[in-house]
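Structure, as structure tokens:
Residues take their numbers from the sequence shown, with the count starting at 1. Remember, it's 1-based here, ligands and their atoms both numbered in the order they're listed.
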Amino acid sequence: MRAALSSVPGKQQQGSEFLRDVLEGLGGKTKTLPCKYLYDEVGSRLFEEICAAEDYYLTRTETDLFTKNLGDIAREIGSGALLIEPGAGNCEKIEMLIAELNAPRGYYPMDISPEILQAAEARIKCHLPGIQVWSEVGDFTQPAVWDKLSTIPSRKRVVFFPGSTIGNFEPQKSVQLLELFAANLGAGDGLLICTDLVKDSVVLERAYHDSAHVTERFNKNLLCRINRELDANFDLSLFAHRAFYHPLRQRVEMHLVSLRRHDVSIAGIRVEFAEGETIHTESCHKYTINGFNALLSKGGFKPIRHWKDASESYAIHYAQAI
Ligand code: AVJ
């Protein structure tokens, strides 16, 4: 066992970490699974489908906001900026932004997937051939993934964190993440970050329980993934997708509800489900402008300005490291 582990550390360690997290998450009194496991290859493809779904207003609202305010945003960032993107996903927004900037210094994308990073780098080099790219493979919540930044001289650094990704973090974790961003910036450097805003719960719930049932497939893929990778026997027909807005916590919670009492076996370990018992799979926090400004301040940033769409559904914020 030890020999096998050390001979292929990457895969084996990833696998055992997944098993450990799943057993820990399902072993407690309230069942929960880390949302990062929703985004395997199948899950990431389903998430892209969500972004294009009619009921999921977030992506198209953000794209519209960027398109309409690009000149303004670029002016706020100023010239000679090195753009840092924690979690390089879809490159369209960063390309739009870099193309608009005055004399950009370069692009520093980070991602846990080397394939995604390679694709991002290739796209930038093709569409914006003058731009220097420094790619870093790794989890951007780990300080080491930011280390190489210190070797790149630049007039100004700007962290770009779109997609309402900050919403996936609990408020306390969000502050820690902002602190990590700030620790890698100098006074006056920038943060361009997007949040979904608090709104009518019907609209919010429809976005996470879309009529095309893409979010349901996305959520249930987590059980498929556990079956595939961890030798488990989840019966998907015994779980229902549930998404609801929790006004006190200001977040949409995604759950999988067990429809009746039953047992599941995971790597030979029995896990019991009561009727109506849920697995909490993801939280998506929503903010008011004031609430997010307070969070920015706690994390070491001074809010400078923000852009909202006409229905005040979504916001892009620009802040400066203190
Ligand atoms: C990737 C965290 C921005 O919160 O809207 C969408 C994830 N989950 N539908 C979001 C998600 C289900 C998404 N983020």
Does [X] pair with [Y] as a salt bridge, N-O distance under 4.0 Å?
X      : Y      : result
Arg305 : Asp72  : yes
Arg242 : Glu253 : no
Lys156 : Asp189 : no
Lys68  : Asp309 : no
Asp196 : Lys199 : yes

- Query: Tell me: protein heavy atom nearest atom 13 (C) of ligand 1, and distance?
  - Reply: Tyr56 OH, 3.4 Å

- Message: How long is the straight-line distance from CG of Leu58 back to SG of Cys51, given to the nearest 0.5 Å?
- Response: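 Here the rounded value is 8.5 Å.
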
Atoms of ligand 1, numbered as shown, that sit under 4.0 Å from any heavy atom of [X]:
X      : result
Gly163 : 3 (C)
Glu282 : 7 (C), 8 (N), 11 (C), 12 (C)
Phe47  : 1 (C), 6 (C), 7 (C), 11 (C), 13 (C)
Phe218 : 8 (N), 12 (C)
Tyr39  : 1 (C), 7 (C)
Cys284 : 4 (O), 10 (C)
Asn168 : 2 (C)

- ligand 1 contact by Phe169, heavy-atom criterion under 4.0 angstrom: no

- Task: Would you check whether Ser164 reaches within less than 4.0 Å of ligand 1, judged by its heavy atoms?
- Result: yes

- Message: Taking the cut-offs as 6.0 angstrom to the six-membered ring centre and 45 degrees off its axis, would you call Arg225 and Tyr39 a cation-pi pair?
- Response: no

- Please determine if Lys286 forms a cation-pi arrangement with Tyr314, meaning its NZ or CZ atom is less than 6.0 Å from the six-membered ring centre and no more than 45° off the ring axis.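 Checked: cation-pi criterion not met.
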
- Polar-atom distance check: Tyr208 versus ligand 1, any N or O pair below 3.5 Å?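 Yes: some nitrogen or oxygen of Tyr208 is under 3.5 Å from one in ligand 1.
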
